[in-house]
Protein chains: 2
Amino acid sequence: MKCPTYHIFFKNLANPLKVNIISLLKYKEMNVNELVKELKEEQSKVSHALSALNHCNIVVSRQSGKNKIYSLNKTTIVPMLKLIDKHKCKYCPGR
Amino acid sequence: MKCPTYHIFFKNLANPLKVNIISLLKYKEMNVNELVKELKEEQSKVSHALSALNHCNIVVSRQSGKNKIYSLNKTTIVPMLKLIDKHKCKYCPGR
DNA sequence: CTGACATATGAAGGAATATTCATATGAAGT
DNA sequence: ACTTCATATGAATATTCCTTCATATGTCAG
């Protein structure tokens, strides 16, 4: 009756950095360094985050020369974030 | 450009106990003690969880005599969990 | 207003997750 | 093969979150 796996997926969306990565990838695919510069975060931090997102198939990657290009698996995430927007973040505490 | 509040909402869904509460409330509204018995968890634990869910308007409550009855704000949550089902938890590591 | 039941709250400890740093792996050009 | 740039990995620490316990608050009945 209970789904013990939901929370593993949502753990990714419960993390500001990962959400920011998702937000950027909504507009265009990007390689790791582009994300690092845009987010002003440590390279390894971004890499760890991408790895987690990739495990849950939230992002996918392809190699392009020396770079690895990440893009969003939009089919699940985009509708989900739209639902939240409708729900209104104003209900949530903290900024 | 980034929505800094998404993750506060999703933190609730990243927690097994809170997801289990949501699952139970999908079928019928319940008071705290009923949830405690059904989930076999500490009363204060359940109470803390309900408080967090309530802050994000995922559940709502009403007083009924000595009891407080919680019910699910289904408009956001149910479609969201359906999206995940479609996405297939099989992509996620760990059971 | 007292006692019994129902739920909430706060603070401390413990568990899980994130961040950091050092380093490893990989890809491409020379 | 060597160097450089790009990304990944692992382990230690830092931080955040969860759990627990003790107790407070609230509601009703008598």
Side-chain angles (χ1 to χ4, degrees), chain A residues 2 4-22 24-25 29-72 92-95, chain B residues 2 4-22 24-25 29-72 92-95:
Chain A
K2 62 186 176 182
T5 50
Y6 284 162
H7 71 278
I8 296 169
F9 178 91
F10 284 119
K11 226 167 263 178
N12 290 289
L13 303 178
N15 178 295
L17 172 59
K18 288 169 193 157
V19 170
N20 287 337
I21 290 175
I22 289 169
L24 286 173
L25 295 181
E29 54 180 24
M30 294 171 85
N31 66 41
V32 180
N33 245 322
E34 289 170 334
L35 286 167
V36 165
K37 280 178 208 150
E38 187 72 31
L39 295 164
K40 299 186 180 67
E41 295 280 359
E42 293 249 338
Q43 178 268 319
S44 67
K45 200 174 161 182
V46 173
S47 198
H48 279 298
L50 285 168
S51 164
L53 289 167
N54 187 56
H55 271 121
C56 280
N57 205 252
I58 293 171
V59 303
V60 295
S61 67
R62 66 173 210 276
Q63 195 75 31
S64 167
K66 279 195 270 190
N67 299 316
K68 202 157 171 187
I69 301 182
Y70 282 87
S71 56
L72 196 61
C92 295
R95 42 176 324 187
Chain B
K2 62 185 175 182
T5 50
Y6 283 163
H7 72 277
I8 296 168
F9 179 92
F10 285 119
K11 222 168 266 175
N12 289 289
L13 302 178
N15 178 295
L17 173 58
K18 287 169 193 157
V19 170
N20 286 338
I21 290 175
I22 289 169
L24 287 173
L25 295 182
E29 53 181 25
M30 294 172 84
N31 65 43
V32 180
N33 245 322
E34 288 170 335
L35 286 167
V36 165
K37 279 177 208 153
E38 188 72 30
L39 296 163
K40 298 186 182 66
E41 296 279 359
E42 293 250 339
Q43 178 266 318
S44 67
K45 200 173 161 183
V46 172
S47 199
H48 280 298
L50 286 168
S51 166
L53 289 167
N54 188 56
H55 271 122
C56 282
N57 205 253
I58 294 171
V59 302
V60 294
S61 66
R62 65 172 211 276
Q63 196 74 31
S64 167
K66 280 194 272 192
N67 299 316
K68 201 157 171 187
I69 301 181
Y70 282 87
S71 56
L72 196 61
C92 295
R95 39 175 325 185

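None of these values were measured; they are calculated from a predicted model. By convention in this document, chain letters (A, B, ...) are assigned in the order of the sequence lines, proteins followed by strands, and residues within each chain are numbered from 1.
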Any residue meeting side chain to side chain donor-acceptor pair (under 3.5 Å) with E41(A), in chain and number order, not counting sequence neighbours: K45(A)

Selection from dA22(D), dT7(C), dT27(D) that lies nearest to any side-chain heavy atom of V32(B): dT7(C)

R62(B) side chain reached by I69(B) side chain, heavy atoms, under 4.5 Å: yes

Residue whose nearest DNA chain D nucleotide is more 5′ - S64(B) or K11(B): K11(B)

Contact under 4.0 Å: K18(A) side-chain N or O vs dA18(C) OP1/OP2: yes

Reference residue L72(A); test side chain to side chain contact (heavy atoms under 4.5 Å, CB included); the match among V60(A), I21(A), L25(A): L25(A)

Length of the line joining K40(A):NZ and dT20(C):C1', which is rounded to integer Å: 20 Å

Within 6.0 angstrom of E38(B) CD, more than 12 heavy atoms from elsewhere: no

Value in whole Å for how far the C1' atom of dT19(D) lies from CG of L39(B): 15 Å

Phosphate OP1/OP2 of dA6(D) contacted by N31(A) side-chain N/O (<4.0 Å): no

Atom-to-atom span, CD of E42(B) to P of dT7(C) - whole angstrom: 15 Å

Net bend of the helix from dC1(C)-dG30(D) to dT30(C)-dA1(D), end axes of five pairs each, nearest 10 degrees: 30°

Quiz item: Q43(A) side-chain donor-acceptor pair to dA8(D) base, under 3.5 Å: yes

K66(A) side-chain N/O to dG26(C) phosphate OP1/OP2 under 4.0 Å: no

Atom-pair distance (CD on E34(B); P on dT7(C)), nearest Å: 8 Å

Pairwise 5' ranking along DNA chain C for L17(A) and G65(A), keeping only the more 5' one: L17(A)

dC5(C) OP1/OP2 closer than 4.0 Å to side-chain N/O of N33(B): no

Sugar-phosphate only, base, or nothing, as touched by S44(A) at under 4.0 Å among non-hydrogen atoms: base

Side-chain N or O of N67(B) closer than 4.0 Å to phosphate OP1/OP2 of dT27(D): no

Minimal non-hydrogen separation, L17(B) against A49(B), with atom names: CD2-CB, 4.0 Å

Pairwise 5' ranking along DNA chain C for S61(B) and A14(A), keeping only the more 5' one: S61(B)

Between C1' of dG14(C) and NZ of K45(B), the distance in whole Å: 13 Å

Distance, rounded to the nearest Å, where L50(A) contributes CG and dA6(D) contributes P: 16 Å

Interatomic distance where CG belongs to L53(B) and P belongs to dC18(D) [whole Å]: 11 Å

Nucleotide nearest Q63(B) (side chain, heavy atoms from C-beta), chosen from dT7(C), dT20(D), dT27(D): dT27(D)

From I58(B) atom CD1 to N12(B) atom CG, the distance as rounded to the nearest 0.5 Å: 4.0 Å

Side-chain donor/acceptor of H48(B) to base of dT20(D), under 3.5 Å: yes

Interatomic distance, K11(B) atom NZ to K18(B) atom NZ [nearest 0.5 angstrom]: 9.0 Å

Residue-phosphate contact under 4.0 Å: Y70(B) side-chain N/O, dA6(C) OP1/OP2: no

pair L50(B)-L35(B): side-chain heavy atoms closer than 4.5 Å: yes

I69(A) CD1 to dT7(D) P, straight-line distance once rounded to whole Å: 9 Å

